[in-house]
2 protein chains.
Amino acid sequence: MPAQGTHSARPCHSMSTSFQPHKAGDLHFLKRLNRSAILELVRRTPGLTRADIATQAQLTKATVGAGVQSLLQQGWLREGELQKSSGGRPGRALHLNDDNHVLFGAEVGVHGLRLVACTLSGQVLVSHHEHLVPTTPEVTAELLGELLRTLMASRHVAGRQSLGLGVALPGPIAPGKPVLRLAPNLGWRDIRFLDLLRPHLTLLEGTWLMDNEAKSAAFGELYFRTGQIPESLVYVSAGTGIGSGMVEGSHLPLVTRGMQGLAGEIGHTVLQPGGLYCHCGNRGCAETLVSGWSIRAALGIAEEEDLVATLLPRLNDSDVQVTLRRAGEALGVLLLNLHHAQNPSEIVLGGSLTQLGEPLLEPALAYFKANQNRLLGTSQQVPLRVIEDSTFVAARGAAAQVLASIIHGPSDLLQASF
Amino acid sequence: MPAQGTHSARPCHSMSTSFQPHKAGDLHFLKRLNRSAILELVRRTPGLTRADIATQAQLTKATVGAGVQSLLQQGWLREGELQKSSGGRPGRALHLNDDNHVLFGAEVGVHGLRLVACTLSGQVLVSHHEHLVPTTPEVTAELLGELLRTLMASRHVAGRQSLGLGVALPGPIAPGKPVLRLAPNLGWRDIRFLDLLRPHLTLLEGTWLMDNEAKSAAFGELYFRTGQIPESLVYVSAGTGIGSGMVEGSHLPLVTRGMQGLAGEIGHTVLQPGGLYCHCGNRGCAETLVSGWSIRAALGIAEEEDLVATLLPRLNDSDVQVTLRRAGEALGVLLLNLHHAQNPSEIVLGGSLTQLGEPLLEPALAYFKANQNRLLGTSQQVPLRVIEDSTFVAARGAAAQVLASIIHGPSDLLQASF
DNA sequence: CTGGATTCGTTTAATCTGAGAACCAATCGT
DNA sequence: ACGATTGGTTCTCAGATTAAACGAATCCAG
């Protein structure tokens, strides 16, 4: 904790793919890199000892020892129990220190605001879900600010050092700039949401960033994980629209954004050339087959009604079954196309539609499983996980992005500490 | 050039996404990183001065000076002309030194072998195209070895230090292992092609690697470029089958491979659920609509005939026009789906089918242009370039991968030099 | 033409980081 | 209880970068 005082809430729009033309650096940079490596190793494999780290990071015991000591002093790590020994001095387990810092994550969705405060290891300290009908960005920002202030004041959060805030938004983000280009379901366009939020949250320190909701979710699902970490992961968010986010790279997870922030807009990949008109103006988009609004359209459910709540009691109606089956089949095609285009190590399926369960999901998973191995002829299955309750997934993912931007990025929060 | 003698041809299967759990290192590592950065900057912007490099890489003049000196001595860089000054001592331009090294690239295609030898900046010194009907991996390897030996002995190549060989193959590569999992059009499966090649090329030093043809091509198109370098690039290879490769990341270009090496197999994304049967067993794959074999099937052209040569004189036949128009429309959908799923900064279209020209391409480009801005409503066009003669693109790309693996990777070729 | 200003590149001493080896600490097996 | 083994720390040393001063090469103004 540097004595010079508080860190300014220096906004950092999003985890850019690259900070500099090419990475180069001085001794300080090297030191920081090694501290990051230590922190990252412990983050992935809680309970590592200094000796383990030295082996895995290819550093000497001396270097690791010094690095761990500073990370302990800074409150990033804590020492745990002694490990079992097998004929030697037992090592001391190291863990992330979940007691000193707090990460804030929020999601602005079509149906409301979701907020979480969590620890370094992704443990949620407090969360809040506020229903809200779509309104202006300004009103939304003011409300979100108020709710976040409440969260900051809550018992489990107060007193912790804030590392920053991540905001997940339902639309593509401009690359390199903290601008939400479009949120069709909110009726927003070109919104600098963080700028709107800042006046209401002058006390929230640390790194601020915003990202697309599916991308944040994907990031969180990969990042807040320990043990065997997949090389890449795609999160498919099936709600009012359908989008996806991909994270790649085991040692510095990167989110694929694309030139215009459109990467992952799989809802507008065409599955049926010449098919139904989509709200985007094209025909045959995936969203015309599988999405909240296509299901509403097929079943004549008004926007005011909650789609899931309306459908759950009616799952046995034949029209509902047929509609969901068709949507599920399209979802299966979407998943398969994702598999052949990106081939992620893991697919996570979330969004409000997953609550509809079997009638929608069974056809999708069946199609995917039946066809995913056609090409190679193997029997290897891509892990595909369905999250029934994905309420806080994106918000938590945005918090994960804050942490990653501090550990891996150019933030001062770590740098200044060492 | 280290005095201790020749470098062993230590095979390195492919540019892995990550070499280590997390990057850490010592002073040597830092030095190497900075040398890489210098080399990379000059590679991108030929003619930079030491002062420019210091500014861009955030290094001091002293460090850059020392680094440049060693790179000059090693033959990686050369000094050029004095730059124009504006009221001060003029800087000396730096360029890649194209005179000392050579990179070998090869492509094993359905219709033959393509070989190139090129310089650090991607300039082709010699190339060779050998027609060959598909045969066994062993025979192919032997022939390729012989041809490469001829290339090595050629006037412009002899005497240069070999940095290695990259081989592009028409199928998915296993991740982390130098194994061609499948090449349907060659009838190959699980081939360790480099192992077959090695006995015939004991004299070819440096890094050996292999990769998928479209991925190599994508890499080369991004890497052997100067000036404004796109953040990401997708190469679509339209030939007998249809595949793609994506490269991302401006400061260390990475190829998306996927868990099973399937990333980019867009020929098997489904564009028409319930459509025609594909050779993979599924229905409605893109390849059933746009690919060499789907066009052959539609027009009844035997495998023995050269597709492009057969069609070129018949482009005005109505059945040919209709077939190519349909294929082109499907290609347009494929490009649009790529745009919405990955949103690359640039798309390059190559492969033998591009030689068919307008009748195929016009519908594809028209569809793509008409729909690429539906979502955002902007008028920004994704740069889309068609390569008419893509004969050596993949081979040259494989050579580029060799260079990149040496500059950015853990190779000794740079490390030992400093 | 000369001198000052400016920019480029190199040289010097100083600083800082990780490596390496010796050292102490703690446990296990016998 | 003792050696063997493994974990972690403390030294010194090699090395890479830095900062600051210096020399080099050009422009420009008078």
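Here the structure is a predicted model, which is why all the values come from computation and not from measurement.
Comparing atom distances between the Arg89(A) side chain and each of dG8(D), dA19(C), dT17(D) picks out dG8(D) as nearest. The side chain of Thr60(B) approaches dT18(D) more closely than any other nucleotide in the set dT17(C), dT18(D), dG18(C). Between dT17(C), dT27(C), dA19(C), one nucleotide has an atom nearer to the side chain of Leu82(A) than all others, and that is dT27(C). The side chain of Ala62(A) lies closest to dT10(D) when the candidates are dG18(C), dT10(D), dT17(D).
The separation between Gln83(A) atom CD and dA25(C) atom P is 21 Å, rounded to whole Å. The CG atom of Leu59(A) sits 11 Å away from the P atom of dG20(C) (whole-angstrom rounding). Look at CG on Leu33(A): it is 14 Å from P on dT17(C), rounded to the nearest Å. Summarising the geometry, the separation between CG on Leu27(A) and C1' on dA14(D) is reported as 13 Å, rounded to the nearest angstrom. Protein atom CG of Leu94(A) is 13 Å distant from nucleotide atom P of dG7(D), rounded to whole Å. Taking atom NZ of Lys84(A) as the reference point, atom P of dT6(D) lies 17 Å away to the nearest angstrom. If you take CZ of Arg35(A) and C1' of dG18(C), they are 10 Å apart, rounded to a whole angstrom. Protein atom CZ of Phe29(A) is 17 Å distant from nucleotide atom P of dA16(D), rounded to whole Å.
Ranked by how close their nearest DNA chain C nucleotide is to the 5' end, Arg92(B) and Leu30(A) are led by Arg92(B).
Considering only heavy atoms from C-beta on, Ile406(A) comes within 4.5 Å of Trp76(A) through its side chain.
Checking Glu79(B) against His95(B) by side-chain atom types alone, no donor-acceptor pair falls below 3.5 Å. Side chain to side chain, Asp211(B) and Gln401(B) meet the donor-acceptor criterion of an N or O pair below 3.5 Å.
For dG9(C), neither phosphate oxygen OP1 nor OP2 lies less than 4.0 angstrom from any side-chain nitrogen or oxygen of Lys61(B). For dT5(D), neither phosphate oxygen OP1 nor OP2 lies less than 4.0 angstrom from any side-chain nitrogen or oxygen of Ser86(A). Between Asn34(B) and the phosphate of dT17(D), there is a side-chain N or O to OP1/OP2 separation shorter than 4.0 Å. For His28(B), a side-chain nitrogen or oxygen approaches OP1 or OP2 of dA16(D) to under 4.0 Å. In this structure, Thr63(A) does not reach the dG18(C) phosphate: none of its side-chain N or O atoms is under 4.0 Å from OP1 or OP2. Between Ser85(B) and dA25(D), a side-chain N or O to OP1/OP2 separation shorter than 4.0 Å is absent. For dT10(C), the OP1/OP2 oxygens have a side-chain nitrogen or oxygen of Arg50(B) closer than 4.0 Å.
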Applying side chain to side chain donor-acceptor pair (under 3.5 Å) to Thr49(A) and Asp52(A), what does each step give before you reach the verdict? CA-CA 5 Å; Thr49(A) 66; Asp52(A) 296 331; 3.1 Å; yes

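Using a cut-off of 4.0 Å between Lys/Arg side-chain N and Asp/Glu carboxylate O, Arg78(B) and Asp98(B) are scored as not salt-bridged.
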